[in-house]
Amino acid sequence: MAVDDVFPIVTTADLDRLLPFYTDVLGGEQVYQFPPEGAPAYVSVQFGKASLGLGHDPDFQVTPGRPPIALWLYTDDLDGVVDRIRAAGGRITQEPADQPWGEREARAEDPDGNHLYLGQRTG
């Protein structure tokens, strides 16, 4: 039940504006898009061995004192991690569920209220 990969996700209301900043200006390589066709809701950008997620939320607004970043954590036992978070008094904001991109996902908050996306690869 180990977490084996972690990456930040930046949420934006204007992905068309933000994506070129991370690719053209900072030199990242877009390696993934969901959905695969049309306007993306999520893009993964690779910088060497590191990756960054860019998530589109048209209603997103930056709140003072709360940056638009969340963490995605991959685990080999999603249900076990959710149980451990719950047992420790953590808040589960979305129960584990299969997603259309072929992974299982749950959502939680750390003790400071930071968003955690918990994923398990199924394929």
Closest approach of [X] and [Y], non-hydrogen atoms and distance?
X	Y	result
Gly53	Tyr42	CA-OH, 3.4 Å
Asp79	Pro96	OD1-CG, 3.4 Å
Gly119	Leu78	N-CD1, 4.2 Å
Thr93	Ala108	OG1-N, 3.6 Å

(message) Val45 vs Leu54, test: side chain to side chain contact (heavy atoms under 4.5 Å, CB included). Steps then yes/no.
(response) CA-CA 8 Å; Val45 180; Leu54 301 176; 4.0 Å; yes
Between atom [atom1] of [X] and atom [atom2] of [Y], what is the distance when rounded to the nearest 0.5 Å?
X	Y	atom1	atom2	answer
Leu118	Arg107	CG	CZ	10.0 Å
His115	Leu71	NE2	CG	11.0 Å
Thr11	Gln61	OG1	CD	13.0 Å
Tyr117	Ile9	OH	CD1	6.0 Å
Phe34	Glu103	CZ	CD	10.0 Å

Distance-only donor-acceptor pairs under 3.5 Å for side chains of residues 19-26, two or more places apart:
from  : atom 1 : to    : atom 2 : distance (Å)
Thr23 : OG1    : Leu19 : O      : 3.0

(request) Output all residues satisfying side-chain contact (heavy atoms from CB on, under 4.5 Å) with Pro35, sequence neighbours left out; order by chain, then residue number. (result)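 Pro35 satisfies side-chain contact (heavy atoms from CB on, under 4.5 Å) with Ala41 only.
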(message) Among residues at least two apart in sequence or on other chains, which ones pass side-chain contact (heavy atoms from CB on, under 4.5 Å) with Ser51?
(response)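 Partners of Ser51 under the side-chain contact (heavy atoms from CB on, under 4.5 Å) test: Phe7, Ser44, Gln46.
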(message) List the residues meeting salt bridge (Lys or Arg N to Asp or Glu O under 4.0 Å) with Arg121, not counting sequence neighbours, and say none if there are none.
(response)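 Only Asp4, Asp5 meet the salt bridge (Lys or Arg N to Asp or Glu O under 4.0 Å) criterion with Arg121.
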(request) Mind checking salt bridge (Lys or Arg N to Asp or Glu O under 4.0 Å) for Asp14 and listing every partner two or more places apart, or none if nothing turns up? (result)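 Per chain and number, Asp14 pairs via salt bridge (Lys or Arg N to Asp or Glu O under 4.0 Å) with Arg17.
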What salt bridge (charged side-chain N to carboxylate O under 4.0 Å, His left out) pairs are there with at least one residue in [range], not counting sequence neighbours?
range	result
residues 91-101	Arg86-Glu95, Arg91-Glu109, Asp98-Arg104
residues 28-43	none
residues 48-57	none

(message) Restricting to side-chain hydrogen bond (donor to acceptor under 3.5 Å, both in side chains), what partner residues turn up for Gln30, sequence neighbours left out?
(response)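 Once residues adjacent in sequence are excluded, the partners of Gln30 under the side-chain hydrogen bond (donor to acceptor under 3.5 Å, both in side chains) criterion are Gln33.
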(request) For Gln120, enumerate each residue passing the side-chain hydrogen bond (donor to acceptor under 3.5 Å, both in side chains) test, keeping only those at least two apart in sequence or located in another chain. (result)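 None.
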(request) Could you give me the CA-CA distance, side-chain angles and deciding distance for Gln99 and Trp101, then say whether side chain to side chain donor-acceptor pair (under 3.5 Å) is met? (result) CA-CA 5 Å; Gln99 299 300 322; Trp101 56 84; over 6 Å; no
(message) So does His56 get a backbone contact from the side chain of Thr12, meaning a donor-acceptor N/O pair under 3.5 Å?
(response)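 The answer is no, because no donor-acceptor pair under 3.5 Å joins these two groups.
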(request) Sort and list the pairs that fulfil ring-ring contact (aromatic ring centres under 6.0 Å, His included) and have at least one residue in residues 75-99, not counting sequence neighbours. (result)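 The answer is none; no pair qualifies.
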(request) With sequence neighbours left out, write down each residue that passes ring-ring contact (aromatic ring centres under 6.0 Å, His included) with Phe47, or none if nothing qualifies. (result)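 Testing Phe47 for ring-ring contact (aromatic ring centres under 6.0 Å, His included), a comparison that skips the adjacent residues, returns none.
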